[in-house]
Structure formats: structure tokens, C-alpha cells
Amino acid sequence: MRSFCSFANNITMELYRTLGLEEAVREAGASLAPAMGILNGSTLVKALDGFQAPKARAAFGGMVGSLGEVSPTAGTRVTQDELEPVLLASARQRGGDLRFFTELTSFTQNEEGVTATIRDRSTGQESTVQADYMIAADGANSPIRQKLGCSVSGKGSLGHLINVLFKADLRELVHEREFSLCTINNPLVHGLFTSINLSDTWVFHIGYDPGQGMRAEQFTPARCKEPVRIALGLPDVEIEVKSIMPWESAMRVMDNFQHGRVFFAGDAAHQMPPWGGQGANSGIADVNNLVWKLGLVLKGVADPDLLVSYNAERHPVDYLAAAESAAAADDSGLMSMNKQGVPGDIANRFTRILGYYSYGEPSQAIITDQAPISSDLDLDGRPGTRVPHLWVERQGQAISTLDLCGTGFVLLAGPEGHKWHEAAQEVAQDLHLDIQAYRLGADGDLLDAENRWPARAGISPSGALLVRPDGYIAWRAQEQSGELKQVCRALLAGHDGEDA
């Protein structure tokens, strides 16, 4: 049995929204919705003394509320065991072939593709799979990465910990004092509590040092109960240990996420501590960045050179996420706390924790303009940033401009951009590119009664933004122009923006 709390940040929830899963994911995390505090104390009882969860939620709500102009949604907490069934059902509904208890035993690659041997671990039966490309998302200890001998960078190991999932009825203790994380420091125990359901299921992380002869196998259920009781500050509480899992707090980032026809994503590409909640979110962003490019290449619409942009875009932001997460760890690999009882430097990383990264490095999938990106929250139409959010009306229903993304390219024009429709149709026909054009304005395809879109997008009333399937801006035209086909050709060929 396993259960880990994670934070689906704003960008991840925007993606779930485009998939029609926003409410299902939020419902899956409903039991954790009240959790807000990040605490520190000698015991959980003492850390909760004086803590008022409603007050903390109101303060956090004020910060998040200021992002109402940035996104149509907000992040949410949800445990892995509640989230995965939602994603599994959706993937199968969309025709996905998902197999559990299946092991990749070997693979080879050449100029034509990848051949893999997989084994059904329940029957021992092996089969061969052939594909044009392979995505390696096989975890922090990635056997695929090890087989290819891929190099990594970063701080390396930060500490070794034991994840103790346990049952204990703490409802009365945490009522109106619902917390998310709590570090414990006393002479006998150094660890961290994670809320799972704010009722009777919890996780406690205990640090241990293999260099001092300690082994994970020594942490039996009987041995773990006492430090958990000490950390709780409840010597008589009944505890049932459900599982014990060792894990390593570490920062290791691959130097290149692409090796031939193998692409790495998630923990396999960038191992990072969970302090800041960026691990799973970064992995989701990886795949969201990669799959539309793979789709165009597999359809023969784009040149394989486009795939080089995956590493160019994702490596810098993933490395920063890993480095900042590692900086929030103490000498044992647990989350460090400053004198104010707040995780180190979280305030300075707030926007990035919410998922707002920009692709400022040179990329084959972005045609840059003259406006530099100064802040990750400057979502004002510059190429390499997420498309600006604006509420508009379509067929009598309010939608966000983000709701138009997720399948093909989208061209969002100002109120005087009548000619963009024709240009998009020509591109779709000549380049076989899925592209939809919309004019936003008081009389547009999308009703923008106050003509706010040009200012929000940084364009003239006749200009437009070309938005990629992942919601990031590929190109900005300040005014109506005849460059759309030339720009799309450059993007699909994987050329630098200067070639357009």
C-alpha cells in the first residue's frame, strides 16, 4: 500500500481542465482541500498549538486570488492513490493501452526506431514492441538511463529517508488546524509529517544515515511506531503501520533529455526532493511539451529536428526546479525551515511553484520577438510564455482563451484581424497542420465586448498570437501580416526563429 500527497499546480490543473478532468481531480483531492499550514515543532501537538487553519487558508486565498487574472483555475492537493484512478480511467476511455505488472527487460534503437522486449510479470510471457520513439518515464533510478550511460548533474544525494505510512485517528487533534506538512525536531526524532486525508491516514518521513551502518531493512513496523509516537507527542495513541518504503532525497538532472530515439521525462530525467511540490508537476509539463511534437513528426507533418526543442525548452526549467527544491532541503534531505517557520525561500519561488515557467532559451519551436521575458508571470503575449488567460464568450458560454488549446495550433487574432482566418485555412491545407483561427472582439468569433484582447496579448487590433497545442506562444504578429505560412514552415522544420 502506498499513498503520497502531491500538489497539482496551476499549470497542471490547466492541463487537466483542457482534458475535461479538472473537477474530477479536485473531487479526488477533496479530503485534503482544508490543508494549508506548513509547520515546525518539537512534536506535532506543540506545532499545532495556536495554529488556526481558517486564518492560514484566508491568507493563502488572498495570494491565489490575485492570480484570478492569470488563470481560469487554481492548484489543488491530491494524493497519488486518489489521482491515478482518475487519470487511468480517462486514458483508457481515450483508447490508451495501459498495462500493469509489466517489465521492460531489454531494448535496442537504430535509425529506424526502437525495439523493446517486455515481460508480463504475472505469467512470465515476453513480447516484442516496435515503435518509432520511446519515452522513458521509469523513475528516479531509471534502468533505461543507466543502460544508456547518460550523464547527470546536480548536488546528488542529499539524504536517505524512510516513508512510514500509518493509520492513527487524529481527527480531533487537527480539527480547524488542518496542516499540510510539519517538520519535527527534538533530541530523539528528526522527521516530517505529511497529511494524507486529514483524518486517520498519515505519512512520517524519518531520516537515516547508511554511512553510520543504518539500513532500511532495520526499520520494521515495530521499530517505527515509537519514533512516530514521539514525533506526534501522543505516547498512548494507537498506530497501525501500513507500509514502510525507503527513498532518497537527491538532485540529479540529466544533461540531455534526448538520447537518439529515447526521450526522458519525469523523475527519470530530473530527480528532485519534493519540497515545493515540483517533481510530478515538472514531469507532467515534460510530457505535455513533448507529445504534440512527437505527434506532428509521426504524422509526417513536422521534421524530426523539431524534437530537439524538447530538451532545449524543458532542461533549463527542470534544472531550476530541481536546484530550488534541493536548496529547500536540510543536511538530512528533509525540508528545511527558516527562523520564521517557513520553508526556505518559498516566497521567492511562489510563481514557479505554481508552474509559471517561461521558455526563454533559444528553441526550434518558438519564433522570438524583441520583447525580453523579465518575469514568469508576465503572461502578456511574448513568445515562449503561456498564452494569456481572458474570459470570452462562445455561443453564449463563458470560456477561457486557455480552453481553446490542447489539440492543434490556435491563432488568436484581435478585433480587426479578419484576414487571419483565410491565412489559417491556407496553412491547414498546404502544410496539413491542424490550426484553428479565432477573432476576439465585440463582434468576433469569441465575444470580447470591451476589446481587451489586444492589450492582454501585446498586439494591435489586427495582430495575432500563434499558440502551440501545449498552450505556449510560438509566434506573435503585432499586426496583420502574410508571414503565417512561412512561420509555420520554420516551426515544423525545427529551424531557429531567425529562419522565419
Side-chain angles (χ1 to χ4, degrees), residues 2-7 35-48 51 77 79-80 140-141 154-166 179-196 202-216 218-219 223-233 241 243-252 267 270-282 321-349 353:
R2 63 176 184 170
S3 185
F4 300 96
C5 176
S6 63
F7 175 63
M36 190 55 57
I38 299 179
L39 309 177
N40 181 42
S42 58
T43 67
L44 181 60
V45 169
K46 291 183 178 179
L48 290 173
F51 173 64
R77 290 180 177 83
T79 57
Q80 183 178 353
N141 296 318
K155 289 186 175 181
S157 182
L158 302 170
H160 294 266
L161 300 112
I162 295 293
N163 176 311
V164 182
L165 177 68
F166 67 96
F179 70 98
S180 178
L181 303 171
C182 181
T183 58
I184 302 297
N185 288 284
N186 64 54
L188 298 176
V189 179
H190 177 49
L192 180 140
F193 282 109
T194 302
S195 298
I196 298 300
W202 312 85
V203 162
F204 188 56
H205 303 275
I206 307 172
Y208 73 100
D209 186 358
Q212 299 296 319
M214 303 177 72
R215 302 191 316 276
Q218 295 174 321
F219 289 85
R223 178 175 177 176
C224 289
K225 286 184 179 181
E226 186 59 23
V228 170
R229 287 195 179 97
I230 293 172
L232 287 171
V241 176
S243 73
I244 298 171
M245 297 178 63
W247 65 280
E248 182 186 25
S249 180
M251 175 195 173
R252 298 186 182 95
D267 288 351
H270 42 76
Q271 183 180 3
M272 64 185 78
W275 323 131
Q278 299 197 66
N281 291 296
S282 295
E324 290 183 334
S325 299
D330 64 17
D331 292 340
S332 64
L334 284 167
M335 183 174 65
S336 65
M337 306 289 282
N338 62 26
K339 293 180 180 179
Q340 288 73 41
V342 176
D345 201 34
I346 274 190
N348 294 331
R349 299 186 288 128
I353 288 173

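Hydrogens, waters and symmetry mates play no part in the numbers below; they use all other heavy atoms, side chains included.
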Side-chain donor/acceptor of [X] to backbone N/O of [Y], under 3.5 Å:
X	Y	result
Ser336	Ala328	yes
Asn186	Ser42	yes
Asn281	Phe7	yes
Ser249	Gly333	yes
Trp275	Ala327	no

Notebook entry, point to check: Are there more than 12 heavy atoms of other residues, nucleotides or ligands under 6.0 Å from atom CG of Asp209?
Noted result: yes
Check: Considering residues, nucleotides and ligands other than Asn141, do more than 12 of their heavy atoms fall under 6.0 Å from its CG?
Finding: no
Next item on the list: Please work out whether the ring planes of Phe179 and Trp202 are parallel, tilted or perpendicular, with thresholds of 30° and 60°.
Entry: parallel
Check: For the residue pair Trp247 and His205, does the interplanar ring angle fall in the parallel (under 30°), tilted (30 to 60°) or perpendicular (over 60°) class?
Finding: perpendicular
Taking all non-hydrogen atoms of both residues, which atom of [X] and which atom of [Y] are closest, and how far apart?
X	Y	answer
Val164	Val241	CG1-CG1, 4.1 Å
Ser157	Ala250	CA-CB, 3.9 Å
Ile244	Cys224	CD1-SG, 3.8 Å
Lys155	Ala326	CD-CB, 4.1 Å
Gly279	His270	O-CE1, 4.3 Å
Ile196	Thr79	O-CG2, 3.4 Å

How far does [atom1] of [X] sit from [atom2] of [Y], to the nearest 0.5 angstrom?
X	Y	atom1	atom2	value
Ser243	Leu165	OG	CG	4.0 Å
Leu181	Asn40	CG	CG	11.5 Å
Asn185	Thr43	CG	OG1	11.5 Å
Ile230	Leu188	CD1	CG	5.0 Å
Asn163	Thr194	CG	OG1	7.5 Å
Leu48	Leu39	CG	CG	6.0 Å

Check: Got Arg215 and His160 here, is their nearest side-chain heavy-atom distance under 4.5 Å?
Finding: no
Margin query: Quick check: do Arg77 and Ser195 have side-chain heavy atoms less than 4.5 Å from each other?
Written below: no
Margin query: Distance alone, cut at 3.5 Å: any donor-acceptor contact between the side chains of Ser332 and His190?
Written below: yes
Checklist line | For Pro227, side chain to side chain contact (heavy atoms under 4.5 Å, CB included) partners two or more places apart | finding: Val189, Ile206
Item checked: Stepwise side chain to side chain contact (heavy atoms under 4.5 Å, CB included) test for Phe193 and Leu232 -> CA-CA 9 Å; Phe193 282 109; Leu232 287 171; 3.4 Å; yes
